[in-house]
Amino acid sequence: MANDAVSFERDIKPLFRQIDIDHMSGMDVMLDDYQYMSDEHNARAVLEFLDGTRQPQMPPGGPFWSNDQLGVLRRWIEQGRKP
Ligand code: HEM
């Protein structure tokens with residue numbers, strides 16, 4: 001696992017709750033959409049809202065992502081955002 005490339009479908013998408021996907025799709029942030037998320041600018045914006053670099057930290061009021069979860073998203077971005 002540690003040596004596998006991080007996969008959007010397998011590793012990233014399951015981290016979003018249905019409520020996250022539903023709320024944010026209404027604001028044109030398509031968390032479950034590979035086409036949207038594989039855009040590096042979109043992926044980095046999502047990461048920065050999740051880790052609190054940008055406020056309000058998402059999801060509003062938590063539960064906020066663990067360092068492990070944030071790390072998986074960071075690695076996925078850095079590895080080139082595989083499906
Ligand atoms: C580009 C990325 C994002 C932007 C610009 C963004 C922006 C926003 C804004 C402005 C709101 C309304 C805040 C409020 O009413 O207090 C909101 C609500 C929400 N966001 Fe995001 N968000 C982003 C990513 C995310 C992510 C990654 C998650 C979860 C993993 C998330 C989950 C939610 C949820 C669940 C709500 C509804 C909260 C509620 O009404 O109780 N958002 N978002």
Side-chain angles (χ1 to χ4, degrees):
M1 178 63 187
N3 293 321
D4 282 358
V6 180
S7 148
F8 181 74
E9 294 295 332
R10 187 193 60 203
D11 304 314
I12 303 296
K13 208 159 117 174
L15 298 176
F16 297 113
R17 303 168 303 168
Q18 194 59 45
I19 192 174
D20 301 325
I21 293 164
D22 291 347
H23 272 275
M24 294 317 304
S25 70
M27 297 179 223
D28 293 329
V29 175
M30 314 304 279
L31 297 173
D32 66 341
D33 180 347
Y34 176 73
Q35 287 303 117
Y36 178 89
M37 288 291 291
S38 61
D39 178 284
E40 185 171 7
H41 176 269
N42 291 340
R44 287 198 184 278
V46 166
L47 174 61
E48 288 177 5
F49 278 98
L50 285 166
D51 74 10
T53 303
R54 295 205 213 178
Q55 294 288 322
Q57 188 170 3
M58 292 286 136
F64 301 125
W65 283 23
S66 67
N67 287 333
D68 282 353
Q69 291 172 315
L70 293 168
V72 173
L73 180 56
R74 255 183 223 114
R75 272 198 292 142
W76 179 69
I77 293 172
E78 281 155 19
Q79 288 173 355
R81 300 172 306 287
K82 305 287 189 296

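All residue numbers in this chain count up from 1 along the given sequence. One-based numbering, in listed order, for ligands and for the atoms of each.
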Please work out, at 4.0 Å between heavy atoms, whether the side chain, the backbone, both, or neither of Leu31 comes within that distance of ligand 1.
side chain

Ligand 1 to Pro59, heavy atom cutoff 4.0 Å, flagged ligand atoms 32 (C)

Say whether Met30 and Ile19 are linked into one hydrophobic cluster, either directly or through other cluster members, by side-chain heavy-atom distances under 4.5 angstrom.
no

Contact region, Asn42 to ligand 1, non-hydrogen atoms below 4.0 Å, reads neither

Does the protein put any heavy atom within less than 4.0 Å of atom 15 (O) of ligand 1?
no

Pull out every atom of ligand 1 sitting under 4.0 Å from any heavy atom of Leu50, numbered as shown with elements.
27 (C), 30 (C)

Give the residue, atom name and distance (to 0.1 Å) of the protein heavy atom nearest atom 42 (N) of ligand 1.
Met58 SD, 2.9 Å

Do Trp76 side-chain atoms and Lys82 backbone N/O form a donor-acceptor pair below 3.5 Å?
yes

Side chains of Ser66 and Asp68: do they bring a donor and an acceptor to under 3.5 Å?
no

How far is atom 37 (C) of ligand 1 from its nearest protein heavy atom, and which residue and atom name does that atom have?
His23 ND1, 3.2 Å

Give the contacting part of Met27 toward ligand 1: side chain, backbone, both or neither, where contact means a heavy-atom distance below 4.0 Å.
side chain

Judged by heavy atoms only, the candidate from Leu73, Asp22, Val46 nearest atom 27 (C) of ligand 1 is Val46

Do the side chain of Gln55 and the main chain of Gly52 share a donor and acceptor less than 3.5 angstrom apart?
yes

Tell me if a side-chain donor or acceptor on Asp11 pairs with a main-chain N or O of Val6 at a distance below 3.5 Å.
no

Kindly indicate whether the side chain of Met37, heavy atoms from C-beta on, has any atom under 4.5 Å from the side chain of Phe16.
yes

Would you mind checking which non-hydrogen protein atom is closest to atom 35 (C) of ligand 1, with the distance to 0.1 Å?
Asp20 OD1, 3.5 Å

Does the protein put a heavy atom under 4.0 Å from atom 40 (O) of ligand 1?
yes

So, does Gln57 use its side chain to make a donor-acceptor pair with the main chain of Leu50 at under 3.5 Å?
yes

Atom 22 (N) of ligand 1 sits nearest the protein heavy atom Met24 CE, 2.9 Å

If the contact criterion is a heavy-atom separation under 4.0 Å, does Pro60 count as touching ligand 1?
yes

Look at Glu78 together with Arg74 and state whether they make a salt bridge at an N to O cut-off of under 4.0 Å.
no

Identity and separation of the nearest protein heavy atom to atom 1 (C) of ligand 1
Phe49 CD1, 3.8 Å

Step by step, would you call Leu15 with Leu73 a side chain to side chain contact (heavy atoms under 4.5 Å, CB included)?
CA-CA 9 Å; Leu15 298 176; Leu73 180 56; 5.6 Å; no

